[in-house]
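Sequence positions, counted from 1, serve as the residue numbers for this chain.
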Amino acid sequence: MAYSYLILGAGRQGIAAAYDLACFGEASQVTLADIHQERAQAAADRVNHLARIQIADAIELDVRDETATRRLLKGYDVVLSAVPYFYNLALTRTAIETGVSFCDLGGNTEIVRQQHALDPEAQRAGVCVVPDCGMGPGMGNNLAVYAMGLVGDPEEVYLYDGGLPQKPQPPWNYALTFAIEGLTNEYYGGMTILRDGKLFHAPCFTEFEITDVPPIGKLEAFLIAGGASTAPWSFQSTLRSYQLKVLRYPGTFAQLKAFSDLGLFDLKPVRVNGKEVVPRQLFNALFEPQVRVDDVEDVCIIRAHVKGKRNGQPTEAVVEVIDYYDAATGFTAMQRMTGWHISIVAAMMAKKGIPTGAIPLELAVPAPAFVREAKRRGFKITERTGPAEAVVEETLALMG
């Protein structure tokens with residue numbers, strides 16, 4: 001059976017998702033819709049060239065036009081949203097009303113929880129809604145659930161993730177490979193985590209540590225916003241801890257903490273020379289040209305460290321994936337781990353591998369099936385499981 005997919009947004013992640021669906025999604029049609037017709041067409045042409053099949057087409061669409069969006073959605077099996085997070089709640093409602101399953105790249109936990117509140121409507125419509133796909137949240141939470149299954153009786157989950165240039169350039173040592181709005185959204189407010197069995201709001205740029213990630217080296221790790229998504233709520237009754245820290249090159253934490261302390265990530269306007277200025281918009285305008293790179297050879301890391309018990313004995317599992325820029329396709333590691341995650345979820349939806357309703361990703365996506373699909377695409381996922389002391393010793397040996 002063949003399936004039809006509509007991708008909203010023909011940027012980096014949308015192109016990667018379209019390519020993956022063309023290759024692995026048993027697709028009859030993959031449509032890329034974008035506010036810029038030329039960008040949508042260029043994306044479709046690239047997908048067809050890489051996949052060596054004429055399967056992708058392009059259409060101009062402004063997702064703010066509800067009538068045009070509703071008209072376009074009808075007839076597709078699954079819609080993938082690769083547009084900024086603040087459009088996703090309205091798009092979810094439109095997808096449910098038109099009877100089309102929907103997944104998105106999320107990025108804002110408050111909006112995601114509002115999407116989950118539409119579960120009764122999604123069930124009545126017989127569609128799947130899975131927000132917050134991508135690298136993190138997304139793949140990280142799926143790998144965490146997979147690691148939980150390796151332990152037996154999991155108790156604590158510690159996630160680490162980061163997307164970095166392979167060759168960092170000072171002073172920022174960072175390369176932006178997705179929308180600047182998504183990046184600075186992660187740097188504001190904080191994250192709800194699970195600690196000692198209770199939900200806890202942890203502010204951004206706290207709980208700093210240094211961790212070793214062979215073969216990358218020593219990286220900074222700290223809390224930002226949104227990475228754990230809704231998992232702390234989902235596992236509150238079964239786990240003691242669930243948290244995520246972002247990984248950055250040394251020196252980044254101090255820079256970002258200073259920007260945050262100055263209020264540069266705030267959304268409340270301030271008056272400058274009699275005019276109102278939104279600090280985050282100013283920061284985005286100044287920072288994006290400094291870190292935006294059209295062609296970057298990057299590396300992405302996800303590590304899920306789970307502690308618990310098996311047969312009453314302390315047991316730990318570490319599941320890790322490190323992915324690199326792919327010269328054959330020209331896709332960055334961030335594109336692969338973000339775009340291919342949402343495409344895997346979309347294909348599962350089309351094939352009825354995910355139950356109907358608006359369901360948290362960590363509960364909706366079967367973790368073993370996801371790992372199998374990720375490995376089919378060439379992701380090198382490693383796992384270490386055993387008594388706590390043995391896993392620690394093995395990890396230290398890998399660190400050299």
Side-chain angles (χ1 to χ4, degrees), residues 135-162 193-197 209-219 221 227-229 231-232 234-247 299-324 333 336-337 340-341 344-345 348 353 360-400:
M135 176 179 166
M139 186 183 291
N141 283 345
N142 290 145
L143 293 183
V145 175
Y146 181 76
M148 288 164 61
L150 298 177
V151 167
D153 296 314
E155 298 172 347
E156 303 170 43
V157 174
Y158 301 96
L159 275 168
Y160 299 84
D161 74 13
I193 63 175
L194 188 61
R195 182 159 293 169
D196 296 325
E209 64 175 287
I210 298 288
T211 189
D212 208 337
V213 182
I216 312 302
K218 293 187 182 300
L219 298 174
S229 188
S234 295
F235 299 122
Q236 186 178 7
S237 63
T238 56
L239 296 176
R240 286 206 309 264
S241 300
Y242 194 109
Q243 69 176 49
L244 176 142
K245 291 185 178 182
V246 72
L247 297 169
V299 56
C300 287
I301 309 119
I302 297 176
R303 175 185 290 172
H305 185 181
V306 177
K307 300 179 181 180
K309 289 185 174 65
R310 181 179 291 278
N311 299 324
Q313 298 300 312
T315 304
E316 297 188 14
V318 176
V319 175
E320 185 173 87
V321 56
I322 299 178
D323 195 56
Y324 296 86
R336 289 157 54 91
M337 292 182 76
W340 292 5
H341 178 269
I344 290 173
V345 173
M348 286 182 173
L361 177 136
E362 60 274 4
L363 303 179
V365 178
F370 169 76
V371 169
R372 286 195 300 272
E373 289 298 319
K375 287 181 176 180
R376 280 183 68 202
R377 289 151 173 84
F379 287 115
K380 295 178 174 58
I381 300 173
T382 63
E383 52 189 81
R384 304 187 295 278
T385 310
E389 299 82 358
V391 172
V392 170
E393 288 176 4
E394 187 176 354
T395 302
L396 291 172
L398 287 172
M399 293 178 181

Side chain to side chain contact (heavy atoms under 4.5 Å, CB included), that's the test. Do V306 and L150 meet it? Break it down for me. CA-CA 9 Å; V306 177; L150 298 177; over 6 Å; no
Could you walk me through whether L361 and H341 pass the side chain to side chain contact (heavy atoms under 4.5 Å, CB included) check? CA-CA 11 Å; L361 177 136; H341 178 269; 3.4 Å; yes
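With rounding to the nearest 0.5 angstrom, the CG atom of L244 is 9.5 Å from the OH atom of Y160. To the nearest 0.5 Å, the span separating CD on E320 from CZ on R384 amounts to 6.0 Å. Here L219 contributes atom CG and I301 contributes atom CD1; the two are 5.5 Å apart, rounded to the nearest 0.5 Å. Expressed to the nearest 0.5 Å, how far CG of L239 lies from CZ of R195 amounts to 13.5 Å. Here the OH atom belonging to Y324 is positioned 12.0 Å from the CZ atom belonging to R336, to the nearest 0.5 angstrom. A distance of 9.5 Å separates OH in Y158 from CD in E316, rounded to the nearest 0.5 Å.
Looking only at distances, a side-chain donor or acceptor of R377 sits under 3.5 Å from a matching main-chain atom of E373. Between the E362 side chain and the A231 main chain, a donor and an acceptor come within less than 3.5 Å of each other. Distance alone, capped at 3.5 Å, places no donor-acceptor pair between the T382 side chain and the K380 backbone.
The closest side-chain heavy-atom distance from D212 to K218 is below 4.5 Å. When side chains are defined from C-beta on, P215 counts as touching I322, because their heavy atoms get closer than 4.5 Å. Side-chain atoms of N141 and L159, non-hydrogen and from C-beta on, do get closer than 4.5 Å to each other. Residues I216 and L247 are not in side-chain contact: their nearest non-hydrogen atoms beyond the backbone lie 4.5 Å or more apart. The closest side-chain heavy-atom distance from L143 to F370 is below 4.5 Å.
M139 pairs with exactly one of V345, D161, V321 by the side-chain contact (heavy atoms from CB on, under 4.5 Å) rule, that one being V321. Of the residues listed (R310, R240, K307), the one engaging E155 in a salt bridge (charged side-chain N to carboxylate O under 4.0 Å, His left out) is R240, and it is the only one.
For the pair S234 and P360, the tightest heavy-atom approach, listed with the atom from each and the gap, is OG-CB, 3.8 Å. Across P366 and A364, no two heavy atoms sit closer than the pair CD-O, 3.4 Å. The shortest heavy-atom contact between V318 and H305 is CG2-CD2, 3.7 Å. Minimum heavy-atom separation, V151 to G308: CG1-CA, 3.6 Å. Across every non-hydrogen atom of M135 and G162, the tightest pair is CE-O, 3.4 Å. Here the shortest heavy-atom pairing between V319 and A147 reads CG2-CB, 3.6 Å.
Classified by interplanar angle (parallel below 30°, tilted 30° to 60°, perpendicular above 60°), the ring pair Y242/F235 is parallel.
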